[in-house]
Participant: 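Here it is, the structure in full.
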Amino acid sequence: MIKVTYLDHSGFLVELEDAYFLFDYYKGRLPQIDLEKKMFVFVSHVHHDHYRKDIFNLRKHFREIRYVLSSDIEIKAEKDIVQMQPNEKKEVMGAEIRTLRSTDEGVAFVVHYAGKTIYHAGDLNWWHWEGEPDEKNTEMRRAYQAEINRLMDEKIDIAFVPVDPRLGEQYCWGLDCFMKRTETKVVFPMHFWGNYSIFNRLALEKCAKDYEDRIVRIEKPGQVFLLDEMDENDRIRVRYSSILQQ
């Protein structure tokens, strides 16, 4: 079983049998944590809504902890800090981690650990802004699709992908491209700035009909999801668990 806690915005905590994977935590409250497990802390880039410096206080509590940070974050080298540039691959405490190049700042992460594959996009998205020159939006489309094409050989168990409502009608283009070009069992939309109505919009999108049963609906910060593997069709069943008190 896999446990996923939605912290806020693009922040998630994924719990496996012997390890935690904390992604882009800048807001919300962490649940009770088993300090005997490994802790991997990921920061995709330096933007304030993906990075808070007090994450380094966690090193006081864990025996085994590594911070995996995008190379755009300026920080003093420490033995528990691993910095990664786009298009790198590293082994960290038993995890194989590779990065993609973001279409904004920093990187996206692909994490292989204990037979599971986790993808966190950071700000890698199809950023199509109304009012931008056509050439700029075309360049963005090509850059995003090129990065997603690099995932076509992956079998992704859990993905975290932006659906930013500021993009207007184009808010779901990045998610749609990702889901149609990758083999992903479950996707958590993110980076929706507290606008939970985005899930009602997604439910009405014709483009999402092919994968609507793999989209996890988030209702509020602190929501906990239990993911059970199912043998039939190699799918994952999502059970909605408790809401942490904020």
Side-chain angles (χ1 to χ4, degrees), residues 1-46 50-71 73 75-85 88-100 106-122 151 154-160 184-188 190 216 221-229 236 238-239 241-242 244:
M1 184 182 69
I2 305 169
K3 181 185 288 186
V4 176
T5 303
Y6 172 62
L7 301 171
D8 210 318
H9 197 52
S10 299
F12 293 86
L13 179 70
V14 179
E15 181 180 356
L16 300 183
E17 184 176 354
D18 69 339
Y20 293 100
F21 303 83
L22 179 62
F23 294 95
D24 282 10
Y25 174 45
Y26 99 104
K27 192 176 180 182
R29 184 170 67 86
L30 290 174
Q32 184 174 353
I33 288 177
D34 182 351
L35 301 179
E36 296 302 311
K37 292 189 177 186
K38 298 178 185 178
M39 171 61 87
F40 297 84
V41 182
F42 294 86
V43 182
S44 65
H45 61 294
V46 75
H50 294 259
Y51 174 46
R52 55 190 285 179
K53 292 183 179 180
D54 64 358
I55 58 173
F56 297 105
N57 292 334
L58 291 169
R59 59 168 48 122
K60 302 174 184 176
H61 306 290
F62 286 89
R63 292 186 299 105
E64 293 184 277
I65 186 169
R66 292 293 185 275
Y67 294 89
V68 185
L69 311 180
S70 169
S71 58
I73 298 172
I75 193 166
K76 179 183 176 182
E78 300 282 354
K79 64 180 181 180
D80 59 1
I81 293 177
V82 178
Q83 290 202 272
M84 297 188 69
Q85 298 180 5
E88 275 200 304
K89 183 183 291 186
K90 292 187 177 182
E91 295 280 344
V92 180
M93 278 202 312
E96 180 186 282
I97 303 167
R98 61 179 286 224
T99 56
L100 304 182
V107 300
F109 293 108
V110 182
V111 183
H112 297 277
Y113 185 85
K116 306 298 181 190
T117 300
I118 304 167
Y119 170 76
H120 191 283
L151 297 172
E154 297 279 3
K155 296 183 183 298
I156 299 171
D157 294 286
I158 308 170
F160 304 99
T184 296
K185 295 180 182 178
V186 169
V187 63
F188 288 79
M190 65 176 189
V216 180
Q223 192 168 4
V224 180
F225 304 88
L226 303 179
L227 280 58
D228 297 325
E229 291 201 58
I236 288 180
V238 179
R239 288 190 283 130
S241 187
S242 60
L244 296 176

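Please read these numbers as outputs of a predicted model, since none were measured by experiment.
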Participant: Does the structure place the NZ or CZ of Arg239 under 6.0 Å from the centre of the six-membered ring of Phe225, at an angle of no more than 45° from the ring's axis?
Facilitator: no
Participant: Using the salt bridge (charged side-chain N to carboxylate O under 4.0 Å, His left out) rule, pick out the option among Arg59, Lys38, Lys60 that qualifies with Asp80.
Facilitator: Arg59
Participant: Is it true that a side-chain atom of Asp8 and a backbone atom of Lys27 form a donor plus acceptor pair closer than 3.5 Å?
Facilitator: no
Participant: Is His120 reaching over with its side chain to a backbone N or O of Gly122, donor-acceptor style, under 3.5 angstrom?
Facilitator: yes
Participant: Evaluate the salt bridge (charged side-chain N to carboxylate O under 4.0 Å, His left out) criterion for residues Lys37 and Glu17: first the C-alpha distance (whole Å), next the side-chain angles of each, then the deciding distance (0.1 Å), finally the verdict.
Facilitator: CA-CA 8 Å; Lys37 292 189 177 186; Glu17 184 176 354; over 6 Å; no
Participant: Say whether Ser70 and His45, considering side chains only, have a donor N or O and an acceptor N or O under 3.5 Å apart.
Facilitator: no
Participant: Phe42 and Val111: which non-hydrogen atoms are nearest, and at how many Å?
Facilitator: CZ-CG2, 3.6 Å
Participant: Hey, is the main chain of Gln83 close enough, under 3.5 Å, to the side chain of Ser71 for a donor-acceptor pair?
Facilitator: no
Participant: Going by an N to O cut-off under 4.0 Å, is there a salt bridge joining Arg98 and Glu88?
Facilitator: no
Participant: Considering all heavy atoms of both residues, which atom of Gln85 and which atom of Thr99 are nearest to each other, and what is their separation?
Facilitator: O-OG1, 2.6 Å
Participant: Do Ile158 and Leu227 touch side chain to side chain, with heavy atoms closer than 4.5 Å?
Facilitator: yes
Participant: If I take atom CZ from residue Phe62 and atom OH from residue Tyr20, how far apart are they, to the nearest 0.5 angstrom?
Facilitator: 6.5 Å
Participant: Crowded around Lys89 NZ? As in, over 12 foreign heavy atoms under 6.0 Å?
Facilitator: no
Participant: Would you call the rings of Tyr26 and His9 parallel, tilted or perpendicular, taking 30° and 60° as the class edges?
Facilitator: perpendicular
Participant: Any donor and acceptor pair, going by atom type alone, linking the side chain of Tyr113 with main-chain N or O of Ala19 inside 3.5 Å?
Facilitator: no
Participant: Search all heavy atoms of Leu226 against all heavy atoms of Met1 and return the closest pair with its distance.
Facilitator: CB-SD, 4.0 Å
Participant: Please check this pair: side chain of Asp24 against backbone of Ser44, looking for a donor-acceptor N/O pair closer than 3.5 Å.
Facilitator: yes
